[in-house]
Amino acid sequence: MKMAKPTLLLIDGNSLAFRAFFALINQVDRFVNHEGLHTNALVGFNNLLDGIVDPFKPDLALVAWDAGKTTFRTGKFDDYKGNRDKTPQELVEQFEPLRKMVELHGIKSYELPGYEADDIIGTTARMGEVAGYAVTIVTGDRDMTQLVTDDVSVWVTKKGISEIDHYTPAMVAEVYDGLTPAQIVEVKGLQGDTSDNYPGVAGIGPKTAIKLMKEYHTIPEMYERIDEMKASKQKEKLIAGKEDALSSRDLATIRTNAPVDYDLSSLTYNGPDYEAIIPFYQHLDFKAQLVKLANQGHTIPAPTGVQNGADGEPAHDMNNTPLEVRSLTATNLTHIEQLGDEISFYLELDDENYHTANPVGFVIGNNEHGYFVSRDIELLVQGTPVNRILQDATVKKNVFNAKGTIVALRRLGLTLPNVAFDLLLVAYLLDANDNNNDMGALAHENGYYAVRTDEEVYGKGAKFAIPEADEDLFEHLGRKAMAIQYLKDPLMAKLAEHEQTQLYDDIELPLTSVLADMEATGITVDANTLLEMRSKLTERLAELEQTIYQQAGHEFNVQSPKQLGVVLFEEMGYTPIKKTKTGYSTSVEVLEKMGDVPLVASILAYRQIAKIQSTYVEGLLRVIHGSDSKVHTRYLQTLTQTGRLSSVDPNLQNIPVRIEEGRRIRKAFVPREKGWRILSADYSQIELRVLAHITGDKHLQEAFINGEDIHAATARRIFGIGPDETVDGNIRRQAKAVNFGIVYGISDFGLAKNIGVSRKQAKQIIDTYFEQYPGVKTWSEEIIAAAREQGYVETIAHRRRYLPDIKAKNFNLRSFAERTAMNSPIQGSAADIIKIAMINMEKALRDAGLQSKMLLQVHDELIFEAPESELPILHELVPRVMDSAMPLDVPLIVASHEGETWYDAK
DNA sequence: TCGCTCACG
DNA sequence: ACGTACGTGAGCGAG
C-alpha cells in the first residue's frame with residue numbers, strides 16, 4: 001500500500017486579502033465592527049481559512065505576505081506595479097488583524113523584505129517538493145500556476161473568493177492550449193501585465209503569445225531562431241520588443257530561491273486556538289462564527305461590558321450554564337409551586353399566526369429552581385399549578401413575544417398579568433434592526449449563543465416539523481427559557497443606558513396588552529358584501545379582458561408585465577419610457593405618460609379591478625374566521641425601523657380609500673352588533689405638527705396655532721402669494737407635495753419628479769422653503785450632524801434608529817441615511833403619540849364603563865365599534881384622549897366620523 | 001424566492 | 001458624478 005505523502009499548504013495572503021476585500025467592496029460600509037474597523041476582507045479571509053484550511057488539516061502550513069512596496073523587481077523596473085491605485089485605507093487597516101487571524105488559526109505568517117509573497121511561496125513550494133511533501137498553493141493570482149508540478153497543485157479563487165479552480169499540470173495544459181506550467185512566464189513575458197504594469201511586447205496578446213510559445217517553447221529560444229520566422233509585421237514587433245520581452249519575462253518569474261530563514265519543520269499546522277479566537281471574533285463582531293462555535297460546544301464568554309447579574313458579577317458563564325430541564329409530570333407538578341415570584345415562560349406554537357396556531361409545548365421555570373417542560377397543553381388549564389402561577393399577578397413573567405403569548409393563552413382561557421420582560425420587545429427597542437422574530441437569531445445578536453434558531457431545529461417551509469423526540473424539543477424550549485432569563489438584566493440595563501426605560505415601561509409594554517386585546521377582539525367582516533362584489537368584479541374583469549385581447553390583437557396574460565411589455569413596446573411599437581432590471585417597466589407612472597391609448601386605458605382599469613378582487617375581496621374572504629365572522633389581524637410591534645406598527649394576515653392598514661371603487665371594500669367592515677356603529681377618528685397633519693414642534697420653527701408653528709390650512713399657508717410663503725390673493729388649487733397641490741417632501745427628507749430630484757417641474761425649479765422651491773422656514777433648515781442640518789456624531793437619531797419618546805450608512809462613501813447610501821435621519825424622528829414621534837393615545841384610550845373606555853371597543857389603528861387613525869347610545873360620548877372622548885396624548889408646542893387636531901360601516905365613517 | 005406592481009399613511 | 005422622495009404588506013408571474 002502506498003503511503004499518502006505529508007501535506008504542505010501555502011497561502012498567498014496578499015492576493016487573497018485583496019480578492020476578499022474587492023469581492024465585498026459594494027458592501028464595504030456594511031461590514032464594520034463596533035469600533036469602526038472595516039471587516040469585509042477579514043470575513044472573506046476567515047471563510048477561506050474555515051472552509052479550506054481547517055478541513056484540509058495539512059501537516060505544514062504557511063501564509064506569505066508582501067513585506068512592503070520595494071522589492072528586487074522595483075529595482076529592475078522602475079514602473080513595476082506603478083499604475084496600481086493606492087491600497088484603500090479600508091483594506092490597509094485590516095492587514096494587522098488578518099495576520100492575527102492567521103496566527104489564531106494556528107498558521108505561521110511570513111514576510112521577507114525585498115521579496116513578494118509569490119517568491120516566498122515559490123521557494124517554500126520547492127523546499128516542500130524536495131522534502132517529499134504534496135504541496136498545495138492557495139492564491140487569487142493565476143500567474144502562480146507557473147509553479148504547478150506533479151507534486152505542486154495551485155488553487156486559484158475566482159468570482160471573488162467563493163469558487164476555486166484546481167490547477168494540476170493537466171489543467172494548465174488545458175487552459176494554456178498545451179503549454180507547460182513553466183511556459184506561463186514566457187507567455188506573460190510576451191503579453192505583459194497591465195495590473196503589474198510591465199509591458200511585454202507591444203502588439204502581442206495572449207492568443208499570439210500562446211501560439212508563439214507552442215512553436216518556440218521559450219522567449220530566448222524564439223529569439224535564437226527568429227531568422228526562421230517569415231518577414232511580417234509580427235516579426236518586426238518581436239524584434240523591436242526584445243528587451244521588453246526579456247525583462248517582462250524576468251519580472252513574471254516567481255523566484256524559488258528567496259533567502260527565507262526557516263526550516264519546513266517550523267511550519268507545523270496547529271489548528272485553531274479556540275480559547276483565543278473567540279474573543280477575537282467577538283472583537284470583530286463575527287456573530288455567525290460565534291454561533292457556529294457555540295453549536296460545536298465551545299464556551300462563549302459574555303461580551304465585555306455586559307453584566308449578567310444585578311450584583312455586577314461578570315457573566316463569564318452566561319453561555320456555559322449547563323441546561324437543566326425536567327419533563328413536567330404528575331409527580332413533579334407540585335415543584336412548580338416553589339418557583340418563586342419570577343419565572344420565564346415560553347409557549348411554542350406550530351405557526352406564527354397565534355390566532356390560529358396550535359400550541360405544541362411550553363417551558364416554565366427559572367435559573368434558581370430549574371426549568372420544566374411539557375408537550376401537554378392540558379397542564380395549562382384551570383386548576384393546575386402552572387395555570388395558577390401564570391395568572392398570579394404577584395409573579396413576574398419574563399417572556400419572548402408577550403403579545404403572541406397573551407393571545408395564545410387567552411384562547412386557552414388564561415390571562416398573563418405582570419409581564420416584566422419581553423425579550424423580543426426590548427431587543428427591538430434597543431436596536432430596531434433587531435426586528436427578527438426568531439429568538440435564536442435575536443439572542444445571537446445580543447451576545448447569547450447557547451440557543452439555536454427555530455429554522456435550525458424545526459426546519460422551514462415544507463420541511464417544518466416539531467421534533468418527535470422529547471429530548472430534542474425539550475432542549476430547545478429549555479434553552480429558549482434560559483436565553484430569556486440570561487438576557488433580561490443586561491438588556492434592561494442597556495435600556496436604561498439608552499434612556500429608554502420609560503419608552504418600554506410606559507409605552508411599548510402597556511401597548512402590547514392593548515394590541516393583544518384589539519387583535520383578539522377582531523373586526524366583523526360581512527362576507528355577503530364581499531361575495532356580491534366578487535361576482536360583479538369577476539364580470540367586469542372578463543369584459544375588460546376581452547376588450548384588451550381585441551385591442552392587442554391577440555390573447556396574452558394581462559397580469560404579466562413581461563408579456564405586456566412585448567405587446568406595447570415591441571408589437572405595437574410604443575416607445576418605452578422606463579426600464580426595470582428585468583425589462584420594460586409597465587407601472588402606472590409609465591402607462592399614464594403614454595397618452596390616450598385605448599389598450600393602456602383598459603390595462604389600467606383591469607389592474608385596478610384585479611387588485612381589488614384578488615388582494616381585498618378574495619384576500620379578506622380567505623381570512624374571515626368561521627367561528628365569529630371576524631378578521632383578526634396581527635400588529636407587528638417589533639418590525640418597523642421608525643416605530644410604527646405594521647399589520648399582517650390580513651393587512652388592515654392598506655384597505656383602499658383613495659379610489660371610490662376600492663373604497664367600497666370598507667362597506668364590508670361592520671360593527672359586531674346590530675344597531676352599533678363604526679367610529680373613526682384621525683389626527684390632522686400629525687407629522688407636520690410634529691415637525692413644527694421638534695424644529696421649533698416659528699412660521700410653521702404660527703400657521704398651526706392660527707388654525708390655517710397648512711398647505712395653503714406653505715403655498716403663500718414659497719410662492720409669495722399675498723394675504724388678499726386666493727391660493728389656486730394647483731399651487732396648493734404643489735405646496736402640499738413640498739410639505740410631504742420635507743417630511744420625507746427632501747431632494748430636488750424627488751420633488752421635481754413628484755410635481756413635474758425641472759430639477760432646477762425644484763431646487764429653487766426648496767431654497768425658498770428653507771428661507772421661509774429657517775427653523776426647519778437649521779433642524780435638518782443639526783439632525784444629520786447629530787446622526788453622524790452619535791450614529792443614531794431619536795424620537796420624542798427616545799425611540800432610537802441607528803444609521804450606520806450616514807458616513808458611507810457611497811453617495812446613495814449616505815443620502816438615503818441623511819433623508820432617514822430627518823424622516824425617522826418625525827414619523828417615529830407621530831407613532832409615539834398615537835401609541836400613547838391608544839393606551840390612554842383603553843383606560844378611558846374602561847373607566848367610563850363603555851361597551852365600545854377600539855378595533856384598528858392605521859398610523860394616524862383609530863377605528864372603533866360602538867353602540868348607538870355611546871356615540872355622543874365617544875365623539876367627545878376619543879378626540880380629547882387623542883389630542884392630549886402628548887403636549888406639543890402646536891395643537892393636535894382630531895376629527896371623528898361615524899357610520900353604519902367603515903365606508904360610511906367618513 | 002425574487003422582482004414588479006400597487007394598496008395604505 | 002453619483003441618481004433618491006419616508007414607512008409598510010400582498011398577490012402575481014417567472015425562474
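If you're wondering where the values come from, they're calculated on a predicted model, not measured in any experiment. Chain letters run A, B, ... following the sequence lines, proteins first, then strands; residues in each count from 1.
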Using a cut-off of strictly less than 4.0 Å, decide whether [X] has a side-chain nitrogen or oxygen near OP1 or OP2 of [N].
X	N	result
A:R663	B:dC8	no
A:K562	C:dG15	yes
A:K460	B:dT1	yes
A:S560	C:dA14	yes
A:T580	B:dC4	yes
A:N654	C:dT8	no

Can you identify which nucleotide, out of [options], has its nearest atom closest to the [X] side chain?
X	options	value
A:R759	C:dA14, C:dT4, C:dG9	C:dT4
A:Y744	C:dG3, B:dC8, C:dA5	C:dA5
A:T582	B:dG3, C:dA10, C:dG13	B:dG3
A:R607	B:dC8, B:dT5, C:dA14	B:dT5
A:K753	B:dC6, C:dA5, C:dG15	C:dA5
A:H859	B:dG9, C:dG3, B:dT5	B:dG9
A:T642	C:dA5, C:dG7, B:dA7	C:dG7
A:F811	B:dG9, C:dC2, C:dG9	C:dC2
A:Y616	B:dA7, C:dT8, C:dG3	B:dA7
A:Q563	C:dA14, C:dG13, C:dA5	C:dA14

Integer-rounded Å distance: [N] [atom2] and [X] [atom1]:
X	N	atom1	atom2	result
A:R534	C:dG11	CZ	P	14 Å
A:L621	C:dA10	CG	P	16 Å
A:N651	B:dT5	CG	P	20 Å
A:E618	B:dA7	CD	P	16 Å
A:R622	C:dC12	CZ	C1'	12 Å
A:F669	B:dC8	CZ	C1'	12 Å
A:I612	C:dG9	CD1	C1'	17 Å
A:E818	C:dT4	CD	C1'	12 Å

Categorize [X] for me: base, sugar-phosphate, or nothing, with a 4.0 angstrom heavy-atom threshold over every strand shown.
X	value
A:V743	nothing
A:T586	sugar-phosphate
A:S747	base
A:G745	nothing
A:K579	nothing
A:K581	sugar-phosphate
A:L645	nothing
A:I826	nothing
A:A737	base
A:R801	sugar-phosphate
A:D649	sugar-phosphate
A:E861	nothing
A:D860	sugar-phosphate

Answer with yes or no whether [X] presents, from its side chain, a donor or acceptor under 3.5 Å of a partner atom in the base of [N].
X	N	answer
A:S646	C:dT8	no
A:Q559	C:dC12	no
A:R819	C:dT4	yes

So that I can tick it off, tell me whether [Y] and [X] are bridged by a salt bridge, with the cut-off set at under 4.0 angstrom between side-chain N and carboxylate O.
X	Y	result
A:R717	A:E771	no
A:D709	A:R732	yes
A:K777	A:E781	yes

Q: Check the pair A:R607 / A:E545 against salt bridge (charged side-chain N to carboxylate O under 4.0 Å, His left out), numbers first and verdict last.
A: CA-CA 11 Å; A:R607 281 206 183 145; A:E545 197 178 55; over 6 Å; no

(Q) For the base of C:dT4 and the side-chain ring of A:F749, does the geometry meet a stacking cutoff of under 5.5 Å between centres and under 30° between planes? (A)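 The ring of A:F749 is stacked on C:dT4.
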
Q) About how many Å separate OH of A:Y635 and CG of A:L652, when rounded to the nearest 0.5 Å? A) 6.0 Å

(Q) Within this structure, what is the NE2-OG1 distance for the pair A:H859 and A:T640, rounded to the nearest 0.5 Å? (A)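 Answer rounded to 0.5 Å: 9.0 Å.
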
Q) If we take the P atom in both B:dG3 and C:dT4, what is their distance in whole Å? A) 16 Å

Q.
Could you tell me how far B:dT5 sits from C:dA5 if I compare only their P atoms? Round to whole Å.
A.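 The same atom, P, in both gives a distance of 14 Å.
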
Q: Look at the aromatic rings of A:H625 and A:H355 and report parallel, tilted or perpendicular, splitting at 30° and 60°.
A: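 Taking A:H355 first and then A:H625, their aromatic rings stand perpendicular (interplane angle over 60°).
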
Q: Anything under 30° is parallel, anything over 60° is perpendicular, the rest tilted; go ahead and classify A:H711 against A:F740.
A: parallel

Q | DNA chain C: 5'-proximal contact among A:N812 and A:F816 (nearest heavy atom) | A | A:N812

Q.
Do A:T638 and A:N435 pair up side chain to side chain, a donor and an acceptor below 3.5 Å, judged on atom types alone?
A.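 A:N435 and A:T638 do not have a side-chain donor-acceptor pair below 3.5 Å.
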
Q) Partner of B:dG9 by Watson-Crick or G-U wobble geometry, both contacts under 3.5 Å, or none? A)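 Here B:dG9 is engaged in a pair, and the nucleotide opposite it is C:dC6.
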
